Peer 1: 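Okay, handing you the structure first.
All of these numbers come straight from a predicted model, not from anything done at the bench. Indexing begins at 1, ligand by ligand and atom by atom, following the structure's order.
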Amino acid sequence: MKITVIGAGAMGSLYGAKLSASPKNEVVLLDIWKEHVDAINACGLLLEEGGEPVRYGNLSASTDASLAGHADFAIIFVKSTVTKQAVLGNIGAFGPKTTAITLQNGLGNIDLISEVVGRENVLAGTTAQGAMVLGPGKVRHSGHGRTVIGELDGTKTTRIETVHEMLSEAGFETTISDNVVGLVWDKLLVNAGINALVGITGLFNGELLGYPELLEILELAVLEGKKVAESEGVKLGFPDPVSHALEVCAATAETKASMLQDVLNHRKTEIDMINGAIVRIGGRNGVETPVNRSLTNLIKFIEKHGMNFIEKHGEQIWKNE
Ligand code: NAD
């Protein structure tokens, strides 16, 4: 099986590395980060698991999709802010028989990928795995959880069974869902409740549980998202998404969510595809979303100006005194 990963950062490297362990698979990692690509080609990919580094050498990396050839499966793992440009930029990986798979967070990835490769060539899902980049060629496997995949129309096809087998053999606990769109919304509501709040406060996911004033915001953001999902006719998998979001906080207590990592590294966050998507779709369907709008605006402020104001102004006041 030829598997190409588009966006070989934290998650792309994790999935690529594990899939490359099977002699049945030929794995190519595509990324625009040249230092990372060069390090993988020189020394393999170093995946840190439970403090132990494991070297995966049975894969290659490239910045040029045309050198990689057509894939059987192209797993898209760029941030959802750049999904369409990444698929277009790596179009050389797609042939007439290539199936794209998105396990990204945020809303809109399925449509953006479909616009380029055709909806019939797209599978989707969610992952509760966690990973973070430590440096060029080095990634930490930071969390374990289920991967759920499905055909967009919910049917059980040979190819979804192939992907199920491929991921399971690579060590990812995987299930097939007949409601993959509902699943993406379930994950969206969890991210809408947690990610912006930890991005703003700097807390780890589990620490949110200790602050009732923040949990009130989490609950309101998730309930707005639930109303928006209902207005779209989406069938959510979790009837009580607030309890589900709180369970995820507890289960990922030690996690530094990707939005917090992005804020700390002064990178653009996925806010527009998470809380921002709830605001946009709510606006279209006549559902009020003031809490999600506030969270979106606060993260956008931090993206532009960082967190320096309190320190800077505090220092000024101190000097003036
Ligand atoms: P990341 O930033 O670590 O990796 C993204 C990679 O994409 C980077 O290496 C970047 O150089 C590359 N890239 C950017 N533009 C590209 C292009 N045009 N072509 C090829 N590569 C390009 O991100 P991540 O944390 O791995 O997250 C990927 C997705 O998975 C996001 O939607 C995220 O929300 C989701 N996710 C992440 C985690 C996690 O623990 N990190 C868990 C679940 C879901």
Peer 1: Would you say A10 and ligand 1 have an N/O pair spaced under 3.5 Å apart?
Peer 2: yes

Peer 1: Keeping the roles fixed (side chain from R293, backbone from E288), state whether a donor-acceptor pair exists under 3.5 Å.
Peer 2: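 No, because the side chain of R293 does not come within donor-acceptor range (under 3.5 Å) of the backbone of E288.
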
Peer 1: Side-chain donor-acceptor contacts of residues 52-59 below 3.5 Å, not counting sequence neighbours, with atom names and distances?
Peer 2:
from: R55; atom 1: NH1; to: C43; atom 2: O; distance (Å): 2.6
from: N58; atom 1: ND2; to: S20; atom 2: O; distance (Å): 2.9

Peer 1: So for R267, does at least one of its heavy atoms come nearer than 4.0 angstrom to any atom of ligand 1?
Peer 2: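 Judged by the 4.0 Å heavy-atom criterion, R267 does not count as contacting ligand 1.
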
Peer 1: When you compare ligand 1 with A131, is there at least one nitrogen or oxygen pair between them that comes in under 3.5 angstrom?
Peer 2: yes

Peer 1: Could you tell me the residue and atom name of the protein heavy atom closest to atom 7 (O) of ligand 1, and the distance to it rounded to 0.1 Å?
Peer 2: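 Nearest protein contact, heavy atoms only, for atom 7 (O) of ligand 1 is G7 CA, 3.5 Å.
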
Peer 1: Looking only at heavy atoms, is any part of N90 under 4.0 Å from ligand 1, and if so is it the side chain, the backbone, or both, or is it neither?
Peer 2: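 Near ligand 1, N90 shows its side chain, while the N, CA, C and O stay back.
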
Peer 1: Identify, for atom 11 (O) of ligand 1, the protein heavy atom at the shortest distance, and state residue, atom and that distance.
Peer 2: D31 OD1, 2.6 Å

Peer 1: Starting from atom 28 (C) of ligand 1, locate the nearest protein heavy atom and write down its residue, its atom name and how far away it is, to 0.1 Å.
Peer 2: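 I find the closest protein heavy atom is F77 O, 3.3 Å.
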
Peer 1: Determine the interplanar angle of the Y15 and F77 rings, folded into 0 to 90°, and report it as parallel if under 30°, tilted if 30 to 60°, perpendicular if over 60°.
Peer 2: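 Rings of Y15 and F77: tilted, as their planes differ by 30° to 60°.
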
Peer 1: Any sub-3.5 Å donor-acceptor pair from H36's side-chain atoms to G137's backbone N or O?
Peer 2: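 Present.
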
Peer 1: Backbone or side chain, does any N or O of M11 fall under 3.5 Å from an N or O of ligand 1?
Peer 2: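 So ligand 1 has an N or O lying under 3.5 Å from an N or O of M11.
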
Peer 1: What are the two closest non-hydrogen atoms of A93 and A65, and how far apart are they?
Peer 2: N-CB, 4.0 Å

Peer 1: Judging by distance only, is a nitrogen or oxygen of N105 under 3.5 angstrom from one on ligand 1?
Peer 2: yes

Peer 1: Write out the residue and atom name of the closest protein heavy atom to atom 15 (N) of ligand 1, then the distance separating them to 0.1 Å.
Peer 2: I32 CD1, 3.4 Å

Peer 1: List the closest protein heavy-atom neighbour of atom 27 (O) of ligand 1: residue, atom name, distance to the nearest 0.1 Å.
Peer 2: K79 CE, 3.8 Å

Peer 1: Is the NZ atom of K256 crowded by more than 12 outside heavy atoms at less than 6.0 Å?
Peer 2: no

Peer 1: Ignoring hydrogens and angles, tell me if any N or O in the side chain of S177 forms a donor-acceptor pair with the backbone of N179 under 3.5 Å.
Peer 2: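 Here the side-chain-to-backbone pair exists.
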
Peer 1: List every atom of ligand 1 that sits less than 4.0 Å from any heavy atom of Q129, numbering the atoms from 1 in the order shown and giving each element.
Peer 2: 42 (C), 43 (C)

Peer 1: Main chain of F204, side chain of E254: is a donor-acceptor contact present, judged purely on distance under 3.5 Å?
Peer 2: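 Absent.
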
Peer 1: CG/N265 to OG/S258 distance, rounded to the nearest 0.5 angstrom?
Peer 2: 11.0 Å

Peer 1: Specify the protein heavy atom at minimum distance from atom 4 (O) of ligand 1: its residue, its atom name, and the distance to 0.1 Å.
Peer 2: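 Result: G9 CA, 3.2 Å.
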
Peer 1: For the NZ atom of K97 and the NE2 atom of H70, what is their distance to the nearest 0.5 Å?
Peer 2: 11.5 Å

Peer 1: Among all protein non-hydrogen atoms, which one is nearest to atom 22 (C) of ligand 1, and what is the separation to 0.1 Å?
Peer 2: V78 CG1, 3.5 Å

Peer 1: If we set the cut-off at 4.0 Å for heavy atoms, which region of E270 has an atom near ligand 1: side chain, backbone, both, or neither?
Peer 2: side chain

Peer 1: Taking 4.0 angstrom as the limit and counting only heavy atoms of G130, give me the atoms of ligand 1 inside it, by number and element.
Peer 2: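 What qualifies from ligand 1 is 40 (O).
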
